[in-house]
Number of protein chains: 2
Amino acid sequence: MKNPIADLNKIFDSRIRLGVMSVLVVNNEIGFNDLKQMLELTDGNLASHLNTLEQAEFIKVHKGFIGRKTSTTYSITDLGKQAFKAHLDALEKMIKKL
Amino acid sequence: MKNPIADLNKIFDSRIRLGVMSVLVVNNEIGFNDLKQMLELTDGNLASHLNTLEQAEFIKVHKGFIGRKTSTTYSITDLGKQAFKAHLDALEKMIKKL
DNA sequence: TATTTAACTTTGAAAAACAAAGCACTTTTA
DNA sequence: TAAAAGTGCTTTGTTTTTCAAAGTTAAATA
């Protein structure tokens with residue numbers, strides 16, 4: 001039998017990063033605070049996970065304004081979509097023996 | 001929108017423990033060394049993850065013999081089946097928006 | 001002007017993961 | 001029969017990851 005966990009992406013071992021990605025798959029853009037509230041995280045914790053995802057180029061940041069107020073939003077990249085899908089496929093293959 | 005990660009089980013954040021469970025779901029009994037080779041782990045690493053799963057009562061240990069050679073095998077408990085299923089359901093709900 | 005909000009960064013502590021070595025026991029091999 | 005090897009751990013210590021809390025900068029509001 002083949003190693004069932006070899007194809008899982010290390011970046012998605014984290015429930016938080018998994019959550020961010022799952023939100024971004026269905027929302028093409030979401031704000032920092034919305035994410036923070038949705039996932040019930042502290043600023044620093046969310047920011048650092050977002051940073052990890054950005055480093056991997058799985059998400060993109062958009063800094064802009066709502067009126068004259070700054071607003072930061074995040075969206076998934078094509079690479080991110082690919083990697084997330086690959087991870088989910090690996091997960092599914094792993095448990096599809098059910 | 002509700003927190004999508006709240007229902008994930010912390011114990012299954014680990015790819016290794018996830019792998020162990022996925023193997024145990026389809027094999028009603030598996031040996032230490034088989035798991036070790038399948039998941040490509042060192043003894044200590046596997047043993048400690050197995051210990052975590054045992055503490056949670058998600059798996060059971062069986063110490064016996066194959067011929068005259070000692071053999072330790074592991075199997076999933078009912079609680080383990082339940083918890084694993086619940087985790088997979090939570091995962092699925094999280095991503096079923098796809 | 002003082003306070004609040006947004007979106008961080010920095011700091012430091014706690015937890016988790018992990019490899020390597022040691023160990024007790026048995027079995028196989030030379 | 002002595003040495004080597006395998007099983008299934010435990011112990012030790014390092015590295016990595018996670019996280020909260022506090023600090024920060026700039027703009028907005030009271």
Side-chain angles (χ1 to χ4, degrees), chain A residues 3-6 8-24 27 29-56 58-75 83 87, chain B residues 3-6 8-24 27 29-56 58-75 83 87:
Chain A
N3 183 344
I5 65 181
L8 296 177
N9 192 323
K10 283 245 166 73
I11 289 193
F12 302 133
D13 278 358
S14 151
R15 69 210 281 102
I16 292 176
R17 294 192 294 266
L18 203 64
V20 169
M21 294 301 281
S22 82
V23 168
L24 284 183
N27 300 275
E29 207 156 357
I30 193 160
F32 185 89
N33 272 310
D34 291 339
L35 266 178
K36 191 181 111 179
Q37 279 159 35
M38 203 177 292
L39 303 178
E40 300 173 67
L41 303 171
T42 56
D43 291 8
N45 196 6
L46 176 56
S48 72
H49 284 292
L50 288 174
N51 197 50
T52 300
L53 290 171
E54 206 192 336
Q55 293 291 100
F58 288 175
I59 65 173
K60 252 190 328 254
V61 188
H62 315 272
K63 276 157 197 293
F65 293 88
I66 293 178
R68 297 178 56 205
K69 210 164 158 184
T70 61
S71 120
T72 306
T73 61
Y74 300 86
S75 64
H87 181 78
Chain B
N3 183 345
I5 63 182
L8 297 176
N9 192 324
K10 283 246 165 74
I11 288 191
F12 302 133
D13 277 359
S14 151
R15 70 211 280 102
I16 293 177
R17 293 191 296 266
L18 204 63
V20 169
M21 294 301 282
S22 82
V23 168
L24 284 184
N27 301 275
E29 206 154 0
I30 193 160
F32 184 88
N33 273 312
D34 290 340
L35 266 178
K36 192 181 110 180
Q37 280 159 35
M38 204 177 293
L39 303 179
E40 300 174 65
L41 301 171
T42 55
D43 290 9
N45 195 6
L46 175 56
S48 74
H49 284 291
L50 288 174
N51 198 50
T52 299
L53 290 171
E54 205 192 336
Q55 293 292 99
F58 288 174
I59 66 172
K60 252 191 327 255
V61 189
H62 315 271
K63 276 157 198 293
F65 293 87
I66 292 177
R68 298 176 57 205
K69 214 164 155 182
T70 61
S71 120
T72 307
T73 61
Y74 300 87
S75 64
H87 180 78

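First the proteins, then the strands, lettered A, B, ... as listed; each starts at 1.
Scanning all heavy atoms of the two residues, the minimum distance from B/Thr52 to B/Arg17 falls at CG2-CD, 3.9 Å. Shortest non-hydrogen contact noted between A/Ala56 and A/Ile11 is CB-CD1, 3.4 Å. Across all non-hydrogen atoms, the minimal contact from A/Met21 to A/Phe12 is CG-CE2, 3.5 Å.
In summary, contact between chain A and DNA chain C, defined as any nucleotide atom under 4.0 Å from a heavy atom of the protein, begins and ends at C/dA6 to C/dT9 in the 5' to 3' direction.
Residue contacts for A/Arg15: at a heavy-atom cut-off of 4.0 Å it reaches no nucleic acid atom on any strand shown. Across all strands shown, B/Leu46 has no heavy atoms under 4.0 Å from either base or sugar-phosphate atoms. Across all strands, B/Leu41 comes closer than 4.0 Å to no nucleic acid atom at all (heavy-atom distances).
To the nearest angstrom, P of D/dT7 lies 9 Å from CG of B/Asp34. For A/Asp13 and D/dC19, the CG to P distance is 13 Å, given to the nearest whole Å.
One finds a side-chain N or O of B/Asn33 lying less than 4.0 angstrom from the OP1 or OP2 phosphate oxygen of D/dG8.
Residues A/Leu50 and A/Leu35 have side chains in contact (heavy-atom distance under 4.5 Å, counting atoms from C-beta outward). In this structure, B/Leu18 and B/His87 have side chains that are in contact, with non-hydrogen atoms separated by less than 4.5 Å. Between A/His49 and A/Val20, the closest side-chain pair of non-hydrogen atoms is not below 4.5 Å. With a 4.5 Å cut-off on side-chain heavy atoms, B/Ile5 and A/Leu39 count as touching. Side-chain contact between B/Thr70 and B/Lys63 is absent, with no heavy-atom pair separated by less than 4.5 Å.
Residue-to-nucleotide proximity on DNA chain D shows that, of A/Glu40 and A/Lys10, the 5′-proximal contact is made by A/Lys10.
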Report all interatomic pairs (protein N or O, nucleotide N or O of nucleotides 9-13 of chain D) with separations under 3.5 Å.
unit_1 : atom_1 : unit_2  : atom_2 : d
D/dC9  : OP1    : B/Lys63 : NZ     : 2.6
D/dC9  : OP2    : B/Thr72 : OG1    : 3.4
D/dC9  : OP2    : B/Tyr74 : OH     : 2.5
D/dC9  : N4     : B/Asp43 : OD2    : 3.1

